[in-house]
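All ligand and atom numbering here is 1-based and tracks the order in the structure.
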Amino acid sequence: MSTKKDKLVIFDTTLRDGEQSPGASMTKEEKVRIARMLERMRVDVIEAGFAIASPGDFEAVQAVAEAVTESRICSLARAVNADILRAGEALKKANASRIHTFIATSPIHMKYKLQMDPEDVLQQAVNAVKTARQFTDDVEFSLEDGSRSEPDFMYRIIEAVITAGAGTINIPDTVGYGEPEEYGAMFRRVIESVPNSDKAIFSTHCHNDLGLAVANSLSAVMNGVRQVECTINGLGERAGNASLEEIVMAVQTRQDLYPVETGIDTSHIVPTSRMVSSVTGFPVQPNKAIVGANAFAHESGIHQDGVLKHRETYEIMRAEDVGWGQNRLVLGKHSGRAAVRARYEELGINFSDSEEFHQVFLRFKELADKKHEIFDEDLHSLVAESEAPVERFQLNDLDVRSKIGSAPQAFISLSIDGKAHETEAKGDGPVDATFKAIEYIVDSGADLKLYSVNAVTQGTDSQGSVTVRLEKDGRLVNGVGADTDILIASAQAYMDALNLLASSESKKQGV
Ligand code: KIV
Ligand code: ZN
């Protein structure tokens with residue numbers, strides 16, 4: 001007889017804690033696109049941002065709250081009124097909302113960061129939860145640096161915030177200091193010691209400074225936790241957060257062990273991982289569990305032989321269950337608008353208006369002329385291309401020459417506000433020559449912080465997806481470009497980054 005398992009709530013914070021990773025900032029449109037993928041994956045709660053952090057964050061939370069109906073949408077808020085009001089405002093149109101309010105509870109944070117007495121911290125936490133409950137009946141309270149907090153104080157504050165109306169209690173390992181056995185045991189003691197603990201769901205939120213974020217989260221689950229906070233590809237500040245795909249697949253693969261199940265549709269994991277990687281420009285290492293290119297590649301002859309004879313000899317999961325191998329040949333140069341739009345819908349990508357789809361369709365046609373087989377990954381890369389609201393800079397032509405023994409040379413033609421300019425430059429490589437040529441004309445004053453190229457599909461006809469990260473006056477932007485010619489993709493990505501910088505400059509000036 002099978003016993004019914006508890007539901008493990010998957011709370012994704014890619015768009016909030018993931019975005020806090022330096023250089024991983026996302027535009028509102030990118031956040032909406034990722035949120036739709038998370039919704040399709042049946043993520044329970046999507047933390048869309050920190051509404052008070054900036055007008056951009058506020059608008060992104062608002063846009064995600066409007067676009068997503070199946071998942072609960074959450075905004076972070078410090079335990080202060082202004083933050084909570086802003087979060088409540090941003091979430092107004094959500095079908096299901098949550099306010100996630102937090103305050104630090106460890107002695108070191110209270111003394112040096114907050115400079116507050118524990119009793120005042122407790123009172124502020126209770127007030128914050130009460131205020132948040134005026135906006136939504138779903139309030140989460142986090143004890144920041146909880147894993148380094150004193151047990152008795154934790155029990156008191158948790159009891160008080162549950163009484164005030166918090167339905168989820170999150171005890172983060174903010175600095176990634178926890179160790180699995182110790183972190184799990186902490187939850188068991190908290191749940192046993194807090195008199196009203198049965199009125200709340202306990203949650204884990206782990207950082208990966210010691211490489212233990214997933215192990216700590218799973219240990220917490222074994223000790224009564226029923227919500228895990230995590231991110232796609234383990235994106236997050238410093239060494240990142242616990243990785244969603246690893247937690248979900250550990251729970252699914254070891255159903256003999258874990259007393260919980262998730263509602264996640266795992267077949268969307270790989271496409272979502274790809275999307276997050278291309279939007280942020282953070283490549284996924286080939287040996288990364290679940291979503292790395294080699295995660296299911298058996299190289300040794302003994303393994304290959306075993307897998308061919310009986311798959312389970314060496315495979316504990318099926319690649320197709322997490323979305324590998326679904327890159328079907330779906331479209332070609334004869335495919336029309338309806339077919340392309342329908343495939344995008346199947347991939348969970350909807351366009352906000354017909355002009356947006358028209359632009360993507362034009363890029364699809366261009367690509368189909370160069371590359372006969374169009375895979376789902378190609379479709380993803382086409383939408384990841386330029387989203388900049390301002391298109392000041394446009395690439396007209398590029399001619400790059402490389403010869404053994406001489407410096408590569410790039411000849412470029414581009415337009416700024418419609419006016420054409422041409423120049424040439426030599427560089428330490430063809431990409432360097434191309435970027436120098438662009439800068440001879442534009443003279444942007446921006447610093448190049450990251451350049452990365454990834455093959456979108458397999459084979460030498462693959463598109464190269466390029467990310468260029470530029471920084472100017474403390475602002476970081478990620479430009480993206482994709483083409484079967486990686487030099488053209490690189491130039492496009494650079495132009496995209498310049499357009500994003502121009503967009504954020506015009507926003508700042510209120511244009
Ligand atoms: O790491 C942390 O403590 C956080 C909280 C705000 C939940 O991200
Ligand atoms: Zn965090």
(request) Answer yes or no: does atom CD of Glu181 have more than 12 heavy-atom neighbours from other residues, nucleotides or ligands under 6.0 Å? (result) no
(message) If you count heavy atoms of other groups shown closer than 6.0 angstrom to NZ of Lys5, is the number above 12?
(response) yes
(message) Given 3.5 Å as the limit, does a donor-acceptor pair link the side chain of Ser267 with the main chain of Val322, or not?
(response) no
(request) May I ask you to identify the nearest protein heavy atom to atom 4 (C) of ligand 1, giving residue, atom name and distance to one decimal place in Å? (result) His205 NE2, 3.5 Å
(message) So that I can check it, does any N, O or S atom in Glu229 come closer than 2.8 Å to the Zn ion (ligand 2)?
(response) no
(message) Measuring from non-hydrogen atoms of Arg16 to any atom of ligand 1, is the shortest distance under 4.0 Å?
(response) yes
(message) Only N/O/S atoms count here: what is the atom of His205 closest to the Zn ion (ligand 2) called?
(response) NE2
(request) Please name the atom of Asp17, restricted to N, O or S, that is closest to the Zn ion (ligand 2). (result) OD2
(message) Side chain or backbone, does Ser142 bring an N or O within less than 3.5 Å of an N or O on ligand 1?
(response) no
(message) Could you tell me if Asp378 and Gln463 have a donor-acceptor pair between their side chains, going purely by distance under 3.5 Å?
(response) yes
(request) Check whether the side chains of Asp83 and Thr101 place a donor and an acceptor atom closer than 3.5 Å, and report yes or no. (result) no
(message) Does only the side chain of His100 get under 4.0 Å from ligand 1, or the backbone, or both, or neither? Count heavy atoms.
(response) side chain
(request) Select one of side chain, backbone, both or neither to describe which atoms of Thr174 lie under 4.0 Å from any atom of ligand 1, heavy atoms only. (result) both
(request) Would you indicate whether the side-chain heavy atoms of Arg148 and His109 approach each other to under 4.5 Å? (result) yes
(message) Contact between Met317 and Ile290 at the side-chain level, heavy atoms closer than 4.5 Å - yes or no?
(response) yes
(message) At less than 4.0 angstrom from any non-hydrogen atom of His207, what atoms of ligand 1 do you find?
(response) 1 (O)
(message) Can you name the atoms of ligand 1, numbered from 1 with element, that are less than 4.0 Å from a heavy atom of Glu144?
(response) 3 (O)
